[in-house]
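Notes follow the structure.
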Amino acid sequence: MAEYFSDYPYVRNYDGIYYLDAYYSGHCFAGYQYRINSWLSAGVDVDCQITAWNEHPEMQVVRAGVSREVDLYVLPSVRFTYFSRPWINLYSGVSLGGVLFMDLNELYGSFAVNVNLFGISVGREHLFAAFEIGYLASGYTLWGSRYFSIAAGYRF
């Protein structure tokens with residue numbers, strides 16, 4: 001896990017608890033795209049992220065507890081390829097689906113949307129690499145995440 005980045009060692013929550021030692025996995029995702037024609041494909045993306053932190057009451061060093069949250073996204077998607085050459089494809093897309101938020105005590109769900117503003121795929125036949133700029137948001141976390149993504153893949 002990658003350590004959560006912050007300028008301050010403490011982050012205040014609405015209930016007066018400070019979180020210290022926060023860790024964030026980043027988004028780990030997998031997807032499948034079926035190419036319908038030269039400019040349109042449809043598929044599904046599955047995305048998972050894990051956040052964990054230690055809870056400390058009001059400026060005390062003693063740990064009050066540990067919290068973990070796992071977010072699991074399932075997003076049917078449509079992708080539009082607007083430039084296609086043997087080695088390079090440029091594309092944009094949108095995904096609409098749902099997300100399950102799971103922590104130590106609760107399980108709840110919400111809608112989710114992923115907008116891919118720009119994507120580039122480099123590779124030929126089976127192996128490829130991709131870079132995307134976009135925005136992933138849900139009804140629970142409207143500020144979004146996954147602004148940039150880098151992926152490696154295999155075409156069947």
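Below, each value reflects all heavy atoms present in this structure, side chains not excepted, and no hydrogens, waters or symmetry copies.
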4.5 Å side-chain heavy-atom contact, Pro86 and Arg124: yes

query: According to a 4.5 Å side-chain heavy-atom criterion applied to Ile, Leu, Val, Met, Phe, Trp and Tyr, with indirect links allowed, do Ile120 and Tyr82 form part of one hydrophobic cluster?
result: yes

statement: Value for OG (Ser149) from CZ (Phe131), rounded to nearest 0.5 Å, stands at 7.5 Å

query: Is there a chain of hydrophobic side chains (I, L, V, M, F, W, Y, each step under 4.5 Å between heavy atoms) that links Ile88 to Ile150?
result: yes

task: Check for a donor-acceptor pair, side chain of Ser92 on one end and backbone N or O of Leu117 on the other, with a separation under 3.5 Å.
output: yes

message: Take a 6.0 Å sphere around CG of Leu107 and say whether it holds more than 12 heavy atoms from other residues, nucleotides or ligands.
response: yes

- prompt: If you round to the nearest 0.5 Å, how far is CG of Asn89 from CZ of Phe83?
  reply: 8.5 Å

Tyr154: side-chain contact (heavy atoms from CB on, under 4.5 Å) partners, not counting sequence neighbours: His126, Leu127, Phe156

field: Closest approach of Ser121 to Arg155 (non-hydrogen atoms, all atoms of both residues)
entry: OG-NH2, 2.9 Å

message: Assigning hydrophobic clusters by single linkage (Ile, Leu, Val, Met, Phe, Trp, Tyr; side-chain heavy-atom cutoff under 4.5 Å), is Trp87 placed with Phe128?
response: no

statement: Sorted by chain and residue number, the side-chain contact (heavy atoms from CB on, under 4.5 Å) partners of Asn116 (sequence neighbours excluded) come out as Tyr91, Glu132

- prompt: Looking at CZ of Phe111 and OH of Tyr73, how far apart are the two atoms once the value is rounded to the nearest 0.5 Å?
  reply: 11.0 Å

- prompt: Atom CG in Asn105, atom CD in Glu69: separation rounded to 0.5 Å?
  reply: 11.5 Å

- request: To the nearest 0.5 Å, tell me how far Leu96 CG sits from Leu75 CG.
  value: 8.0 Å

query: With a cut-off of 6.0 Å (strictly less than), are more than 12 heavy atoms of other residues, nucleotides or ligands near OH of Tyr34?
result: no

message: Please evaluate residues Cys48 and Val70 with respect to the criterion side-chain contact (heavy atoms from CB on, under 4.5 Å), reporting the C-alpha separation (whole Å), side-chain torsions for both, the decisive distance (0.1 Å), and the verdict.
response: CA-CA 7 Å; Cys48 182; Val70 177; 3.9 Å; yes

task: Check for a donor-acceptor pair, side chain of Ser77 on one end and backbone N or O of Ser95 on the other, with a separation under 3.5 Å.
output: no

- prompt: Going hydrophobic residue to hydrophobic residue with side-chain gaps under 4.5 angstrom, can you get from Val78 over to Tyr32?
  reply: yes

message: So which atom in Ser84 and which in Thr81 form the shortest heavy-atom distance, rounded to 0.1 Å?
response: CB-CG2, 4.1 Å

message: Is there a path of hydrophobic side-chain contacts, each under 4.5 Å between heavy atoms, that joins Leu90 and Ile133?
response: yes

All N/O donor-acceptor pairs, side-chain side in residues 36-47, below 3.5 Å, sequence neighbours left out:
unit_1 : atom_1 : unit_2 : atom_2 : d
Asn37  : OD1    : Trp39  : N      : 3.0
Asn37  : OD1    : Trp39  : NE1    : 3.4
Asn37  : OD1    : Leu40  : N      : 2.9
Ser41  : OG     : Gln33  : OE1    : 3.0
Asp47  : OD1    : His27  : ND1    : 2.8
Asp47  : OD2    : His27  : ND1    : 3.2
Asp47  : OD2    : Arg146 : NH1    : 2.6

